[in-house]
Amino acid sequence: MAKTKGKKGPSGGANSHVRARIDYLYKAAAYLQSAKTAGAAQDVANQEDAVMSDAHTVPPSAIEPLSDGRSDYAPNVARLCIAQMRGVSQKSQTRLPIEQKRSFCKRCDTLLIARTNCTHETRNPSRGAKKPWAEVLVVRCNICGTEKRFPQAARRSRKLIDRRKEGRQENEADSDKPT
């Protein structure tokens, strides 16, 4: 007997509890990543080397509790949330939304925040940037150095027949102009 499909949409469905958990973990990671204190920013470089040996497992010693019980270095807990979010989505075979998928580093599970721990750059590898459809957005993680590339061209190019018709119309318009 086949598995029944749940209704689609935000109000429910077969995997609504999985989507809710993924969304919760993403929001928790975003909060923990942004709740980093100014003093912890100096310790980031020192602690990153210890954590990078195994990016998916954060040792308990990397999270230093303060006297009031809060963590001084919340990005490591944020990494754990991102790693759990990825694991939940893979195990349940649920696709992550594109906004979430593109907002973290797949190598070190760091939530990428522009001008804080990643850089955005638009590159055009064509000769002299002559091809505007070859532009690529490169997001580079400053923690591990991984680069993610996203094409910036139109989602779908026009058909060849349409491009030829447009080219002919432009040529006719140019030939009609008096020189």
Side-chain angles (χ1 to χ4, degrees), residues 10 13-126 129 131 133-155:
N15 291 328
S16 62
H17 63 286
V18 174
R19 278 189 243 110
R21 183 173 178 196
I22 288 171
D23 194 41
Y24 172 79
L25 288 169
Y26 181 77
K27 287 179 181 177
Y31 173 74
L32 291 168
Q33 185 77 24
S34 65
K36 178 170 59 169
T37 60
Q42 297 296 326
D43 299 333
V44 170
N46 299 335
Q47 293 181 359
E48 291 301 333
D49 295 333
V51 175
M52 285 309 297
S53 61
D54 188 7
H56 292 288
T57 306
V58 179
S61 61
I63 305 167
E64 300 171 7
L66 296 174
S67 59
D68 60 351
R70 291 183 301 120
S71 173
D72 188 29
Y73 188 53
N76 283 334
V77 182
R79 282 183 176 179
L80 274 167
C81 289
I82 294 290
Q84 284 183 352
M85 179 187 74
R86 288 180 64 198
V88 166
S89 69
Q90 287 174 351
K91 188 168 184 175
S92 65
Q93 296 181 351
T94 305
R95 289 179 183 245
L96 291 174
I98 278 194
E99 299 84 30
Q100 288 181 3
K101 187 176 180 181
R102 291 185 175 186
S103 67
F104 62 87
C105 178
K106 291 183 180 179
R107 184 174 177 200
C108 65
D109 289 332
T110 302
L111 194 64
L112 299 175
I113 300 171
R115 288 179 246 120
T116 303
N117 61 1
C118 74
T119 57
H120 294 300
E121 179 184 358
T122 303
R123 294 182 190 164
N124 193 336
S126 63
K131 301 176 183 177
W133 59 87
E135 287 188 351
V136 177
L137 174 68
V138 180
V139 180
R140 186 173 196 274
C141 176
N142 293 341
I143 307 294
C144 65
T146 302
E147 290 185 348
K148 297 172 84 169
R149 301 171 191 276
F150 306 110
Q152 296 300 302
R155 287 189 61 95

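All values below were derived from every heavy atom in this structure, side-chain atoms included, with hydrogens, water molecules and symmetry-related copies excluded.
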Is the shortest side-chain heavy-atom distance between [X] and [Y] below 4.5 Å?
X	Y	answer
Asn15	Gln93	no
Ile143	Arg79	yes
Leu112	Cys141	yes

Taking all heavy atoms of Cys81 and all of Ala28, pick out the closest pair and write down the distance.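 Result for this residue pair: SG-CB, 4.2 Å.
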
Show the nearest heavy-atom pair for residues Ser103 and Leu111, with the distance to one decimal.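 Closest approach of Ser103 to Leu111: O-CD1, 3.4 Å.
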
Spatial distance of atom [atom1] ([X]) from atom [atom2] ([Y]) [nearest 0.5 Å]:
X	Y	atom1	atom2	result
Ser92	His17	OG	NE2	7.5 Å
Tyr26	Lys101	OH	NZ	14.0 Å
Thr94	Lys91	OG1	NZ	12.5 Å
Lys27	Leu32	NZ	CG	14.0 Å

Can a donor-acceptor pair be found, under 3.5 Å and without considering hydrogens, that links the side chain of Arg107 to the backbone of Cys144?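 Pair found, side chain donor or acceptor close to backbone of Cys144.
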
Are any side-chain N or O atoms of Lys148 and backbone N or O atoms of Leu137, one a donor and one an acceptor, separated by less than 3.5 Å?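 Such a contact is absent between Lys148 side chain and Leu137 backbone.
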
side-chain contact (heavy atoms from CB on, under 4.5 Å) partners for Glu135, two or more places apart: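 If we apply the side-chain contact (heavy atoms from CB on, under 4.5 Å) test to Glu135, skipping adjacent residues, the hits are Thr122, Asn124, Gln152.
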
Tell me, please, which residues at least two apart from Val138 pass side-chain contact (heavy atoms from CB on, under 4.5 Å).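 Testing Val138 for side-chain contact (heavy atoms from CB on, under 4.5 Å), a comparison that skips the adjacent residues, returns Arg123, Val136, Glu147, Arg149.
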
Thinking salt bridges, do Asp23 and Arg19 make one under a 4.0 Å N-O criterion?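 No, Asp23 and Arg19 are not salt-bridged.
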
